[in-house]
Participant: 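First the structure, then my questions, so here it is.
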Amino acid sequence: MAAVDRSKIRNFCIVAHIDHGKSTLADRIIEKTGLLTSREMQDQVLDNMELERERGITIKAQTVRTVYKAKDGEEYIFNLIDTPGHVDFNYEVSRSLAACDGAILVVDAAQGIEAQTLANVYLALDHDLDVFPVINKIDLPSAEPQRVIEEIEDVIGIEAQDAPLISAKNGIGIDEVLEQVVTKIPAPKGDPEAPLKALIFDSLYDSYKGVIIFCRIVEGTVKKGTNIRMMATGAREEVVEVGYFGAGQFIPCEELSAGMVGYITASIKNVKDTAVGDTVTDADRPCAEPLPGYKKVLSMVYCGLYPADGAKYPDLRDALEKLQLNDASLNFEPETSIALGFGFRCGFLGLLHLDVIQERLEREYNLDLVTTAPGVVYKVFKTNGEVIELTNPSNLPDAAEIEHMEEPIVTAEIMVTSEFIGSIMELCQERRGRYLGMEYIEGTRALLKYELPLNEIIYDFFDALKSRSRGYASFDYDIKGYEPSKLVKLDILINHEEVDALSFIVHGDSAYERGRKMCEKLKEEIPRHLFEIPIQAAVGGKVIARETVKAMRKDVLAKCYGGDITRKKKLLEKQKEGKKRMRQVGNVEIPQKAFMSVLKLDDK
Amino acid sequence: MTSKKKELELYIHIPFCIRKCLYCDFLSGPADESRKTAYMEALAREIEGRAGELAEYQVSSVFVGGGTPSVAEVGQLARLLWVVREKYQLTEDVEITVEVNPGTVDREKLEVYRAAGVNRLSIGLQSADDGELASIGRIHTVKQFEEAYGAAVAAGFENINVDVMSALPGQNRENYRRTLEYVTGLQPKPAHISAYSLILEEGTPLYERVQTGEIELVEEETDRLMYADTKELLKAAGYERYEISNYALPGRECRHNCGYWTRKNYVGFGIGAASLLENVRFRNTDDMRQYLKSPLECRRDWQQLTPGERQEEFMFLGLRLTAGISTDAFAAEFGVTTEQVYGDVIRKNLQDGLLVCAENGARIALTERGLDLANYVMSQFLQD
């Protein structure tokens with residue numbers, strides 16, 4: 001590839017609230033521009049793009065290089081870095097933003113600014129990106145573009161009068177967006193002759209090429225043969241290949257130089273060596289300082305994952321190992337539960353990440369899983385001065401050994417229309433929220449700020465928020481830190497035996513309520529046995545709630561319509577099948593779904 | 001008559017009734033005269049048409065069920081039975097049962113049945129309380145039952161079954177006991193009583209009404225008390241419980257139903273009718289038009305039972321009888337013992353008090369508790 005004219009490169013991303021049309025706009029931009037300059041065009045490219053689309057929801061950052069012939073007659077290279085759109089991946093989002101020079105802010109013409117709009121735009125502004133807004137969905141009957149433009153100017157404080165009015169879905173106004181990318185987003189800076197300094201914003205594992213590093217070259221140049229070193233992890237290797245991104249395709253090139261976005265392969269075996277946010281430099285001619293902002297990503301949510309069929313334990317381990325190749329933020333280590341047998345304690349960035357991993361294990365690896373209640377990482381300060389990071393409630397030391405405990409707290413911003421402020425505040429209070437303040441955004445909407453314990457929002461907070469605001473509230477949060485808290489371990493005893501997989505940590509004040517609900521829920525889930533089964537919730541050995549599953553008294557098909565034996569057999573088969581999906585704890589059989597159903601206890 | 005011939009039971013399905021009861025999910029419903037006539041003609045064709053291929057069997061039982069067979073025009077039903085008599089070889093002591101409902105029979109009709117060889121009647125009473133009868137959508141009153149019963153006796157029927165139901169919506173224990181007392185107090189005493197508690201079947205109007213809260217089912221506690229009453233009162237009146245929901249005076253067990261539980265060969269005629277013939281199960285179409293068009297070419301759902309499936313059936317059907325199953329018969333049929341196939345299951349259920357061994361291990365049967373939890377026990381006899 002010929003030397004690149006940096007003034008013709010635009011590195012940008014799209015930021016938006018969920019559902020405001022980010023991905024659709026990305027699709028339109030790719031469609032409207034050539035993927036490659038005319039002389040680079042290959043037939044294959046479009047096919048690959050189709051394939052990529054079929055895959056649906058993308059969790060990882062997607063990066064596409066397209067070429068746009070602008071009205072000034074010049075061809076511009078667009079590197080569109082599509083960031084994940086969920087709070088679980090905030091750190092990845094921030095690194096993707098750091099790889100850009102500008103951002104398109106998409107705002108829904110009917111809904112206006114939402115919580116994630118603000119969070120994302122502030123994040124972009126924090127990274128010194130030049131942001132220009134576009135108003136999407138202007139063809140909706142409820143669209144009020146002028147109101148939204150004013151809202152953007154008032155609330156965010158960026159110029160919005162000449163924002164393109166578009167419909168990404170119907171391809172209206174896309175040309176104007178492309179022109180503004182050229183005129184409003186700055187060309188990258190950087191010196192190709194300086195020591196190499198490149199930002200890793202993503203990486204993935206390929207069984208042929210090893211780890212593929214997605215990076216933005218900030219200074220210097222990298223090519224085949226360069227000895228690279230990751231400044232934070234210390235990993236070093238010789239570069240095998242560099243290139244840039246087609247759609248779903250890697251296109252090798254001679255070199256990547258300052259201002260460019262592309263990939264590097266170097267026979268690296270583990271994505272853990274290429275942490276997002278780390279700086280790649282030339283081992284033989286290193287830069288003086290790494291790029292700012294690198295953080296080690298920590299798992300925020302833990303749960304136990306067990307194969308429904310105990311014999312599938314090795315398969316689950318293999319599957320987790322494979323997923324981890326591509327996902328440095330997934331942690332797991334073996335654990336054993338009396339109730340569930342052999343499994344793994346797994347750490348995730350958040351509940352969405354957990355859902356995604358669980359779904360991939362079930363769909364791609366065909367595993368049937370039992371999940372225990374997700375929990376956060378608690379800090380246990382022992383009287384002997386030791387501090388434990390507790391990820392599994394079963395490992396909580398004896399109460400006498402505990403000096404105090406701390407739990408993670410988040411700062412949450414909730415945007416809500418004024419009619420629902422009351423019910424959302426009530427929800428936050430119930431979840432032990434600490435009110436920080438409220439700002440009105442235009443007349444009818446407000447931004448509520450709360451501090452909330454992370455463990456109160458990981459289960460069903462989002463669902464509760466939606467149901468109590470008829471879907472109108474939006475929500476974003478940031479981890480604030482740890483604070484001391486009055487925490488207890490709630491144990492569940494079934495037929496007087498403690499079921500370790502059902503234990504969880506809860507605030508002392510909500511222990512009774514949670515215990516009662518758990519018992520009620522389990523009573524519904526556990527089928528009757530030949531004997532009566534007490535279900536008890538206990539804190540520190542003291543029973544605080546109890547339900548009873550009565551003994552089975554009648555289970556008989558009284559009238560059996562003689563000839564129709566097939567129907568009777570089907571009934572018996574169903575009964576037998578049901579038993580297979582049970583876990584034996586002592587002499588009680590507990591349905592696997594009971595372990596998960598206890599997660600949804602909010603019944604409002 | 002050659003006693004060497006293999007035994008066979010016939011079931012004849014009459015899918016008509018005056019009005020469907022609220023709890024009923026059988027294949028039945030009201031129909032006009034021309035539809036009924038067409039159906040009875042198709043039935044006659046099917047019964048006649050099958051006679052040739054069943055010539056190696058002799059028929060020990062004929063059961064005409066429904067629906068309400070007694071809503072069929074009496075001459076047409078009699079003709080069907082004559083077809084059976086003419087085309088099939090019947091055992092000397094053949095049991096021929098017709099199900100009837102009060103309000104659809106009179107003495108004349110019953111005398112025609114009798115003349116056509118019917119020797120057993122099954123009358124659906126369900127309850128001796130008119131309010132309860134109305135609540136489940138029955139078309140008759142207690143008085144009409146009394147008339148039907150009297151007419152049956154007068155027509156010469158000695159072998160009569162009466163159906164009763166417990167756990168009906170709005171029924172209390174006293175009422176149910178009165179129904180039982182009423183039935184056992186009939187003169188002469190019915191030879192056989194079927195007593196079962198209401199089963200809520202999905203898709204029935206009753207199910208819908210329970211779902212919407214319009215109708216409330218009786219409490220489990222009450223249901224169990226009624227069930228205990230059934231056992232107690234019927235025993236006191238001289239009836240023996242020989243099957244989960246069936247009680248009979250000595251020697252008056254329903255031969256036809258016992259045939260199902262002991263896996264005798266049977267062939268069903270009419271729409272939806274199921275058959276078991278030499279370890280093959282199949283059934284007729286549920287589609288009336290198809291049946292009327294070609295009653296001899298509407299069998300489907302063929303299933304050749306594997307040895308494992310036959311063993312399963314042997315157990316879960318046989319255990320419905322209070323006498324249980326014969327371990328010798330099992331070994332003779334399958335060449336393996338119950339111990340070899342079901343040792344663990346049997347031991348576990350013996351331990352749990354749900355099964356009992358009788359006659360030095362020659363028979364295995366459900367205990368009283370096991371009868372209550374029959375499905376729980378039977379499902380364990382399904383093989384993997």
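These values consider heavy atoms only, across backbone and side chains, with no hydrogens, waters or symmetry-generated copies. Just so we're on the same page: letters track the sequence lines, and every chain starts at 1.
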Participant: Under the criterion side-chain hydrogen bond (donor to acceptor under 3.5 Å, both in side chains), I'd like the reasoning laid out for B/Glu253 against B/Asn246: C-alpha separation, chi angles, the key distance, then a yes or no.
Facilitator: CA-CA 8 Å; B/Glu253 296 83 11; B/Asn246 285 297; over 6 Å; no
Participant: For A/Phe342, give me all partners under ring pair (Phe, Tyr, Trp, His ring centres under 6.0 Å), at least two apart in sequence or on another chain.
Facilitator: A/Tyr313
Participant: Is any side-chain heavy atom of A/Cys303 closer than 4.5 Å to a side-chain heavy atom of A/Leu305?
Facilitator: yes
Participant: I'd like to know which of B/Asp301, B/Val377, B/Asp25, B/Asp352 tops the heavy-atom pair count under 4.5 Å against chain A.
Facilitator: B/Asp25
Participant: Sort out for me which of A/Gln575, A/Lys576, A/Arg553 touches chain B most, counting heavy-atom pairs under 4.5 Å.
Facilitator: A/Arg553
Participant: Using non-hydrogen atoms only, which part of B/Leu276 is less than 4.5 Å away from chain A: side chain, backbone, both, or neither?
Facilitator: neither
Participant: Which one of B/Tyr376, B/Tyr342, B/Phe316, B/Phe314 satisfies the ring pair (Phe, Tyr, Trp, His ring centres under 6.0 Å) criterion with B/Phe381?
Facilitator: B/Tyr342
Participant: A/Phe332: what forms a ring pair (Phe, Tyr, Trp, His ring centres under 6.0 Å) with it, not counting sequence neighbours?
Facilitator: A/Phe344
Participant: With a 4.5 angstrom heavy-atom cut-off, could you sort out which part of A/Lys569 is near chain B: side chain, backbone, both or neither?
Facilitator: both
Participant: With a 4.5 angstrom heavy-atom cut-off, is it the side chain or the backbone of B/Glu221 that approaches chain A, or both, or neither?
Facilitator: both
Participant: I'd like to know which of B/Arg283, B/Glu220, B/Glu309, B/Met378 tops the heavy-atom pair count under 4.5 Å against chain A.
Facilitator: B/Glu220
Participant: In terms of heavy-atom proximity below 4.5 Å to chain A, should B/Glu313 be classed as side chain, backbone, both, or neither?
Facilitator: side chain
Participant: Do the ring centers of B/Tyr247 and B/Tyr242 come within less than 6.0 Å of each other?
Facilitator: no
